[in-house]
Amino acid sequence: MAAVAAHFGRDVERSLAKIAGIVAHARERGVDLLVLPDATIGGYLHDLYHPEGGPLPPVVGLDGPEVAAVAALARDMVVCVGIAERAGPGAGARYNTAVAVHGDGVLGVHRKVHLPLAENEAYRAGDGFAAFDTPLGRLGMLIDFDKTFPESARTLALDGAVVLACLSAWPASVTDRSDRIRNDRQAHLFDLYDCARAAENQLYVVSSNQTGVLGGLRFLGQAKVVDPAGEIVAKTWAKGGLAVATADVHGDVARARRSMHHLRDRAVGAYALGAYART
C-alpha cells in the first residue's frame, strides 16, 4: 500500500504526466494499492472562505479521457485518484470526487459528503458512503473532511471495507498559522483522525494529501499508512513522496478483531444516532 504526498495544480495534462511518473515509481516498489491526493486532476480550491473568488478546478467526467488515462496507467494496480467530477449538464456544477480505478476500469466512486466552510459554493455534496470490491479486497474511500466524522468510516467498515483510502487536500490552519507545519493545529488533527479511524474500526487507513501552496492555502503533506491498532507504519511528513507499507491486510484485520471486535460489540440500541443535542 502507498499513500502519496504531492502537489497538483490546475494544469490537467501536467497532472496526468505526474501521475504517470508516480504510478511507475510505485510499480517499481511493488505497490498494489496507490492512493493519490484529493483534487489530483485539476487541483483544489484557492480559498476556503471565498472559493469563487479564484479559478475553480476544471470538471472531469467519470467516463472521460482523464479517468480512462489513469486506469490505463494502473493496469494491475488499484489507483485512487481525486477529481472535480462533472455534476449534470451545467458547465460549472461539480462534485469533489474520489475514483478507484484498475486496468479493467472504474471500481468505485465516492463523492465528498461533508463540505466545510464555503466549499458548497464550489461543489455539490455527495449523499452516502459505500464500500466496493477490488482485486485486493473490499475498499472504502473518504475525502478529507469526511474523516472528521466517525460515522463515515464506521459506515464503510460495517459495509465490509478492510482498507480505507482517505484522499485529502488538507491545508494548514488559515486562522492560527504556525511557523512550523509540525506545530500546526490542523497537522495534529489530520494525524489524529487517521489514527482514530483505523483503531476504532480495526482496519488499515491509507491517507494521502496535497503538498505545497495553491492560492492562499498551504497543504500539509503527511501522507501515511495506519494499521488496525492505530499505529502509523509509514509516513512522508510535510514533503512530497510515497508512504509505503507491506501487510497481510486480511490477516492483520482478523487478528485485531479476534478478541475485542469493535464492530461486533457495538451497543446499537444505546446510540441516539438521529438525535441532535442543542446547547
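Residues Met77 and Val23 form a side-chain contact, since some pair of their non-hydrogen atoms from C-beta on lies under 4.5 Å apart. Side-chain contact between Val233 and Val226: absent, with no pair of heavy atoms (C-beta onward) separated by less than 4.5 Å. The shortest side-chain heavy-atom distance between Tyr204 and Val225 falls under the 4.5 Å cut-off. Side-chain contact check for Asp76 versus Arg27: some heavy-atom pair is nearer than 4.5 Å. Looking only at side-chain heavy atoms (C-beta outward), Val244 and Met1 stay at 4.5 Å or farther from each other. Contact check for Val4 versus Pro37: side-chain heavy atoms found under the 4.5 Å cut-off. Looking only at side-chain heavy atoms (C-beta outward), Leu142 and Cys166 come within less than 4.5 Å of each other. You'll find the side chain of Glu119 stays beyond 4.5 Å of the side chain of Leu117, heavy atoms only.
A donor-acceptor distance shorter than 3.5 angstrom exists from the side chain of Asp146 to the backbone of Val113, with no hydrogens or angles considered. Judged by distance alone, with hydrogens and angles left aside, the side-chain atoms of Glu66 form no donor-acceptor pair with the main-chain N or O of Val12 at under 3.5 Å. Although no hydrogens or angles enter the test, the distance criterion places no donor-acceptor pair under 3.5 Å between the side chain of Asp159 and the main chain of Ala130. Thr134 places a side-chain N or O within donor-acceptor distance of the main-chain N or O of Leu136, the cut-off being under 3.5 Å. Formation of a donor-acceptor pair under 3.5 Å by the Lys18 side chain with backbone atoms of His7 is found in this model. No donor-acceptor pair closer than 3.5 Å links the side chain of Arg86 to the backbone N or O of Arg94. The main-chain N or O of Arg264 is found under 3.5 Å from a side-chain atom of His261 such that the two form a donor-acceptor pair. Formation of a donor-acceptor pair under 3.5 Å by the Glu85 side chain with backbone atoms of Gly61 is not found in this model. With hydrogens and angles disregarded, no donor-acceptor distance shorter than 3.5 Å links the side chain of Glu200 to the backbone of Gly230. Under a 3.5 Å cut-off, the side chain of Thr211 and the backbone N or O of Gly240 do not form any donor-acceptor pair.
Note on Asp144 versus Lys112: salt bridge recorded, some NZ/NE/NH1/NH2 to OD/OE distance being below 4.0 Å. Electrostatic pairing of Asp127 and Arg111 does not count as a salt bridge here, judged by no charged N lying under 4.0 Å from a carboxylate O.
The aromatic rings of Phe219 and Tyr44 sit perpendicular to each other, their planes meeting at more than 60°, with 30° as the lower class boundary.
Note on Val59: it does not cluster hydrophobically with Ile41, by side-chain heavy-atom contacts below 4.5 Å among ILVMFWY residues. Residue Leu16 is grouped with residue Val60 when hydrophobic side chains (ILVMFWY) are merged at heavy-atom distances under 4.5 angstrom, including chains of intermediate members. Hydrophobic clustering of Ile, Leu, Val, Met, Phe, Trp and Tyr side chains at less than 4.5 Å, counting indirect connections, keeps Val99 apart from Val35. Cluster annotation: Leu56 and Tyr49 are assigned to the same hydrophobic cluster (Ile/Leu/Val/Met/Phe/Trp/Tyr, side-chain heavy-atom contacts under 4.5 Å, transitive). Phe145 is not connected to Phe129 by any chain of hydrophobic side-chain contacts under 4.5 Å among Ile, Leu, Val, Met, Phe, Trp and Tyr, and they are in different clusters.
Taking both residues in full, the closest heavy atoms of Ser15 and Gly9 are given as OG-O, 3.8 Å, listed atom of the first, atom of the second, then distance. The shortest non-hydrogen separation linking Ala71 to Gly105 is CB-CA, 4.4 Å. Closest of all the heavy-atom pairs between Arg197 and Thr148 is NH1-O, 3.7 Å. In this structure, Ala223 and Ala3 approach most closely via the heavy-atom pair CB-O, 3.8 Å. Contact between Pro51 and Ala122 at its shortest, heavy atoms only, is CB-CB, 4.2 Å. Closest of all the heavy-atom pairs between Val106 and Val109 is CG1-CG2, 3.8 Å.
Ile143 CD1 to Tyr95 OH: the interatomic distance, rounded to the nearest 0.5 Å, is 12.0 Å. Expressed to the nearest 0.5 Å, how far CG of Asn201 lies from CG of Leu164 amounts to 6.5 Å. Of the inter-residue distances, the one linking Ile232 atom CD1 with Asp227 atom CG reads 9.5 Å to the nearest 0.5 angstrom. Here CG of Asp252 is found 11.5 Å from CZ of Arg257. Values are rounded to the nearest 0.5 Å. In this structure, CG in Leu167 is found 10.0 Å from CD in Gln210, a value given to the nearest 0.5 Å. Separating the CD atom in Glu121 from the CG atom in Leu115 is a distance of 11.0 Å, to the nearest 0.5 Å.
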Does Ser168 form a side-chain contact (heavy atoms from CB on, under 4.5 Å) with Lys147? I'd like the steps, not just the answer. CA-CA 10 Å; Ser168 291; Lys147 72 180 180 182; 4.2 Å; yes
Stepwise side-chain contact (heavy atoms from CB on, under 4.5 Å) check, Thr40 with Ile19: CA-CA 8 Å; Thr40 319; Ile19 292 168; 3.7 Å; yes
Going through the distances and angles, do Glu52 and Asp47 end up as a side-chain contact (heavy atoms from CB on, under 4.5 Å)? CA-CA 8 Å; Glu52 293 187 328; Asp47 188 316; over 6 Å; no
Take Arg154 and Glu151 through the side-chain contact (heavy atoms from CB on, under 4.5 Å) test and state the conclusion after the steps. CA-CA 5 Å; Arg154 178 54 53 86; Glu151 298 88 350; 5.5 Å; no
Give the C-alpha distance, both sets of side-chain angles, the deciding distance and a yes or no for side chain to side chain donor-acceptor pair (under 3.5 Å) between Asp194 and Ser207. CA-CA 7 Å; Asp194 286 333; Ser207 176; 2.9 Å; yes
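A ring-centre distance under 6.0 Å is found for Phe149 and His114.
With sequence neighbours excluded, the residues satisfying salt bridge (charged side-chain N to carboxylate O under 4.0 Å, His left out) with Asp191 are Lys224, Lys235. The side-chain hydrogen bond (donor to acceptor under 3.5 Å, both in side chains) search around Arg10 returns none, not counting sequence neighbours.
Counting heavy atoms of neighbouring residues, nucleotides and ligands inside a 6.0 Å radius, atom CZ of Arg75 does not exceed 12 of them. Around atom CZ of Arg14, no more than 12 heavy atoms belonging to other residues, nucleotides or ligands sit under 6.0 Å away.
A side-chain donor from one of Gln186 and Trp170 sits under 3.5 Å from a side-chain acceptor of the other.
Of the residues listed (Asn209, Thr97, Asn96), the one engaging Asp38 in a side chain to side chain donor-acceptor pair (under 3.5 Å) is Asn96, and it is the only one.
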